[in-house]
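What follows is a single structure, written as structure tokens, with notes after it.
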Amino acid sequence: MRTAFTAAFLLLGAGASLSAGLGLLRLPDLFTRMHAATKSQAVGLLLVLIGVGIRFPTIEVLTSLALVALLQIITVPVAAHLVGRAAFRTGHVDRALLHVDELERALEPPGDG
């Protein structure tokens, strides 16, 4: 039974990671690609970590897996935010696709407006 759960989590994680890779190839603009890369990849990794934790339920392995999961959950949103902000500032974003552009007001030089 444990083997079946391990296989299920590993396959689901691999599928989520595959969808992240396909999203990077198929999606049209930076923000949608960034969304696919961060959300699907993080979920895929967490599912794989759960599968490994089910297969090797020792305290050493579970502690390492928890640390990897925690660092992943902390760093992925920060990295995505920095990539999006850098792309916006360097003009690599099609602003016509944005519904709300809150960052543009924050980046206006003082004295404008």
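This one's a predicted model, so the numbers in the text were calculated from it and none came from an experiment.
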message: Can you list, by chain and residue number, the hydrophobic cluster partners of Leu71 when the side-chain cut-off is 4.5 Å?
response: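 Leu67, listed by chain and number.
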message: A quick test of your reading: do over 12 heavy atoms of other residues, nucleotides or ligands sit less than 6.0 Å from CD1 of Ile59?
response: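 No, not enclosed.
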message: Please determine whether the number of non-hydrogen atoms from other residues, nucleotides or ligands lying under 6.0 Å from atom CZ of Arg33 exceeds 12.
response: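 Enclosed.
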- prompt: Going by the side chain to side chain donor-acceptor pair (under 3.5 Å) test, which pairs reach into residues 58-75, not counting sequence neighbours?
  reply: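 Output for this query lists Gln41-Gln72.
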Identify the two heavy atoms, one from [X] and one from [Y], that lie closest to each other, and give their separation to 0.1 Å.
X: Pro77; Y: Ile73; value: CD-O, 3.1 Å
X: Ala36; Y: Ala20; value: O-CB, 3.5 Å
X: Gly44; Y: Ser17; value: CA-OG, 3.8 Å
X: Ala16; Y: Ser40; value: O-CB, 3.5 Å
X: Phe9; Y: Leu47; value: CB-O, 3.5 Å
X: Ala14; Y: Val48; value: N-CG2, 4.2 Å

Does [X] share a hydrophobic cluster with [Y], counting links as ILVMFWY side-chain heavy atoms below 4.5 Å and allowing steps through other members?
X: Ile50; Y: Leu18; result: no
X: Val52; Y: Val68; result: yes
X: Val43; Y: Val76; result: no
X: Leu49; Y: Leu12; result: no
X: Val61; Y: Leu10; result: yes

- prompt: In Å and rounded to the nearest 0.5 Å, what is the CE to CD1 distance from Met1 to Ile54?
  reply: 10.5 Å
query: So, do Leu30 and His92 sit near enough that their side-chain heavy atoms are less than 4.5 Å apart?
result: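 In short, these two side chains do not touch, never coming nearer than 4.5 Å.
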